[in-house]
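Reading through the structure tokens given below for one structure.
Any value given below was found using the heavy atoms of this structure, including those in side chains, with hydrogens, waters and symmetry copies removed. Letters A, B, ... are given to chains in the order of the sequence lines, protein chains preceding strands, and every chain is numbered from 1.
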Amino acid sequence: MTRAIRDIIRRALDAAAKDGEIKTERPAGKAGWLAVPIIVERPKKEEFGDFSTNAAMLLAPLEGRPAREIADALARRIAADPSKNVSRCEVAGPGFINVFLEKSWWHERLKEMLEKGTGYGDTDIGAGKRVQVEFVSANPTGPLHIGHGRGAAVGDSLANILKAAGFEVTKEYYINDVGRQMQTLGESVRARYIELCGLETRFPEDGYKGEYVKEIARDYLERHGCGMTNQPSSTANRSAGEFQEFARGIMLERIKKDLADFGVEFDVWKSEKALYESGLVGDTIEELKKRGHVYEGEGAVWFRTTAFKDDKDRVLVKADGQMTYFASDIAYHREKVKRGFDRIVNVWGADHHGYEARVRALFKAFGHDERMLKIIFIQLVALLRGGAPVAMGKREGEFVTLREVMDEVGKDATRFFFLMRKSDAHLDFDLELAKRQAPENPVYYVQYCHARIMSITAFAGEKGVSLPQSPDMEVLEKLELKEETDIIKHLAAFEEVVEKSAVEMEPHRITFYLTELAGLFHPYYNRNRVVTDDTETTFARLFLCRAVAGVTRKGLGLLGVGAPVTM
RNA sequence: GCGCCUGUAGCUCAGUUGGAAAGAGCAACUGCCUUCUAAGCAGUGGGCCGGGGGUUCGAAUCCCUCCAGGCGCGCCA
């Protein structure tokens with residue numbers, strides 16, 4: 001759509017140049033029709049036209065003439081555009097050129113999107129480039145909490161949007177299944193198990209106190225009985241590993257179930273443990289060594305990340321011989337690059353931002369273009385209930401799980417709420433508001449738009465109206481109301497919104513877009529009847545409804561939110 | 001102390017490749033259900049875009065500085 005508009009401006013520039021009114025040379029190529037980037041925008045105010053451009057103001061200094069003079073010259077030519085799509089063209093303010101398009105031009109846009117059907121909104125700016133989106137990646141030491149939920153919503157929705165924009169996407173979950181915290185989990189389960197068997201034991205000081213640990217211990221007990229408690233201490237120690245392995249399996253199952261119920265499926269589950277077993281971690285350190293980025297000191301092995309703008313060097317191998325989390329993580333990122341992704345996206349909790357510099361150091365050390373790495377930080381969620389904060393604290397075992405929230409307010413509302421803000425902004429999530437089935441709840445506002453249209457369609461069916469597969473232009477010409485053109489204009493912007501969301505990696509743009517669309521449709525519905533005695537108008541309006549419902553369904557789909565037929 | 005994020009209406013937030021008179025939702029107030037779902041609609045009030053400088057024809061948007069809040073600065077993950 002912008003392409004068509006840009007063509008109009010370009011033709012005007014060409015004509016003006018030909019007539020000698022513009023002397024500035026224009027470089028070849030699509031982007032540079034001027035030495036400066038021309039902005040074509042959809043003005044906020046409708047008296048400024050369907051689109052406007054600042055071309056004249058940018059040309060003024062180059063031409064050495066007043067902007068308004070140049071604007072006049074261009075406006076004359078735009079108004080006379082051979083496509084006949086321009087109804088009028090005005091110069092305003094300091095030299096803006098405001099262009100008004102014929103209604104029929106918008107009707108054609110509507111026809112186009114109806115013909116594209118469910119494919120409307122898909123574009124190919126991704127050009128099949130491969131993007132890996134790694135998100136959630138929570139340690140399997142406890143259930144997913146609400147913060148993970150926001151990351152899941154953002155990551156999954158982003159993946160959908162990228163796919164729609166023509167990227168090839170791999171969704172991946174990195175399982176931190178080695179290390180101290182996993183060990184603690186194993187010990188915690190073991191302690192609970194021993195307790196369940198009626199024996200005395202000391203619960204680990206920093207153990208996980210949540211109820212879920214007891215549940216896992218009960219599971220273990222059911223499968224293995226109490227035999228484990230009688231074993232000699234050496235065996236019992238070794239069995240801590242067994243508890244850990246058992247707990248890992250249960251927790252992962254539970255996490256997968258939570259995510260599946262949240263509508264999130266991963267393509268790849270990557271185990272940190274497996275990364276070690278494949279030898280990749282060792283290889284990566286060796287490789288870094290060869291490149292001269294590694295040194296030994298204080299009994300540890302260090303990666304000189306300060307050479308790449310990190311605050312301090314980072315330990316890869318601890319003095320006790322254990323690898324750090326960082327060691328496996330750089331191996332993982334190196335592996336991602338090797339797998340041939342064009343773009344690597346990490347969705348992290350905002351509390352990990354201090355980690356970014358050292359991961360980027362890896363890219364630089366290996367000579368990869370670090371611009372391929374994008375890290376999205378998710379600010380923490382403040383959970384409220386009727387305005388009052390709900391306490392969260394993982395260690396105490398009092399955290400609010402994604403499961404609880406989902407069960408209470410529903411999957412759709414939960415996902416929608418997580419996507420109402422840009423990721424790096426704090427989010428207040430009020431359970432009471434999310435649950436309320438009232439207009440102040442934006443989820444229902446948008447979903448209702450879809451359901452309402454489905455209801456209209458059903459009503460039309462009862463009245464014996466059968467809508468043709470594809471619209472005739474003569475029928476669409478019946479959409480004469482300003483409200484109708486406004487809705488079409490907004491629908492026509494959908495592709496660009498999807499593209500922008502993909503490029504900027506900002507799913508919340510879709511949420512806002514849909515709320516605006518619903519905000520146009522509901523008033524329209526309220527003032528006008530769709531199904532009337534006038535067959536052509538009924539057809540035209542049903543087509544418009546079909547397009548609104550289609551875009552709403554598609555947009556909600558990108559968010560991972562359902563589009564109900566009835567509410 | 002250093003780094004990252006945030007600061008826009010009473011509340012929660014959009015709006016940053018610089019554009020024309022600042023946007024939405026909620027809350028507040030006033031109205032609307034014999035007509036395709038009132039989970040809806042119509043209307044009213046509400047702002048030194050954290051402060052101060054600067055760049056520009058033009059700044060919520062870019063630069064500097066200060067203030068406030070969050071987070072991070074482990075041989076944890």
Side-chain angles (χ1 to χ4, degrees), chain A residues 37 39 41 43-45 47-48 52 54 57 60-61 66-67 92-96 98 137-139 141 176 178-182 184 206 272 297-302 310-312 314-326 328-329 349-357 377 379-380 382 384 387 420-430 433 436-449 451-463 465 504 508-509 511-512 515-516 518-519 521-532 538 541-542 545 566-567:
Chain A
I39 306 268
E41 62 161 10
K44 286 172 257 182
K45 304 211 161 258
E47 56 267 38
F48 297 150
S52 74
N54 62 349
M57 286 183 285
F96 286 102
N98 297 332
S137 297
N139 292 358
T141 52
N176 301 131
V178 290
R180 177 90 208 109
Q181 298 188 4
M182 279 307 287
T184 305
D206 56 350
E272 182 183 7
E298 300 166 56
V301 177
W302 300 73
D310 194 9
D311 295 336
K312 52 186 79 167
R314 307 293 170 177
V315 170
L316 295 171
V317 186
K318 298 185 253 183
D320 65 4
Q322 292 268 321
M323 305 267 198
T324 60
Y325 170 79
F326 180 51
S328 53
D329 207 30
D351 54 340
H352 286 66
H353 67 249
Y355 202 77
E356 179 169 8
F377 291 105
Q379 282 291 346
L380 300 183
L384 308 173
M420 282 198 314
R421 307 271 174 266
K422 59 173 183 261
S423 311
D424 51 11
H426 300 263
L427 172 68
D428 279 356
F429 190 129
D430 196 309
L433 175 62
R436 218 176 304 166
Q437 306 206 339
E440 66 257 32
N441 186 343
V443 189
Y444 292 96
Y445 188 72
V446 173
Q447 287 186 321
Y448 185 40
C449 178
R452 187 169 243 177
I453 292 172
M454 291 303 100
S455 170
I456 296 169
T457 308
F459 178 80
E462 285 167 26
K463 293 277 172 189
V465 180
E504 303 291 329
H508 76 276
R509 290 170 183 276
T511 317
F512 278 89
T515 308
E516 285 162 6
F521 183 77
H522 287 308
Y524 170 68
Y525 163 89
N526 236 268
R527 271 195 291 265
N528 304 284
R529 282 197 66 84
V530 173
V531 181
T532 62
T538 300
R541 291 183 174 175
L542 282 172
C545 283
T566 57
M567 293 183 76

Kindly confirm whether the side-chain ring of Phe48(A) is stacked on the base of A20(B), judged by centres under 5.5 Å and planes under 30°. yes
Provide, to the nearest angstrom, the distance between the CD atom belonging to Glu47(A) and the P atom belonging to A21(B). 11 Å
Is Phe512(A) stacked on the base of A24(B), with ring centres under 5.5 Å apart and planes under 30° apart? no
Quick check for you: among C76(B), C75(B), A20(B), whose closest atom lies nearest to any side-chain atom of Ala92(A)? A20(B)
Closest to the 5' end of RNA chain B, once Ser52(A) and Val178(A) are matched to their nearest nucleotides, is Ser52(A)
Where the side chain of Val315(A) is defined as all heavy atoms beyond and including C-beta, which of C4(B), C75(B), C5(B) is the nearest nucleotide? C75(B)
Within less than 4.0 Å of OP1 or OP2 of C76(B), is there a side-chain N or O belonging to Lys318(A)? yes
U56(B) to C63(B) separation - C1' atoms, rounded to the nearest Å: 12 Å
Pair assignment for G23(B), Watson-Crick or G-U wobble, requiring both distances under 3.5 Å: C13(B)
With rounding to the closest Å, how many angstrom separate the C1' atoms on U61(B) and A20(B)? 15 Å
Go through the N and O atoms of the side chain of Thr141(A) and the base of A77(B), and report whether any donor-acceptor pair is under 3.5 Å. no
Does any donor-acceptor pair link the side chain of His353(A) with the base of C71(B) at a separation under 3.5 Å? yes
Distance-only donor-acceptor test (3.5 Å): side chain Asn526(A), base A42(B): no
Once you apply a heavy-atom cut-off of 4.0 Å, does Phe326(A) come out as touching a base, just sugar-phosphate, or nothing? nothing
Is the phosphate of G3(B), meaning OP1 or OP2, less than 4.0 Å from a side-chain N or O of His352(A)? no
Candidates C13(B), C75(B), U37(B) - which lies nearest the side chain of Thr566(A): U37(B)
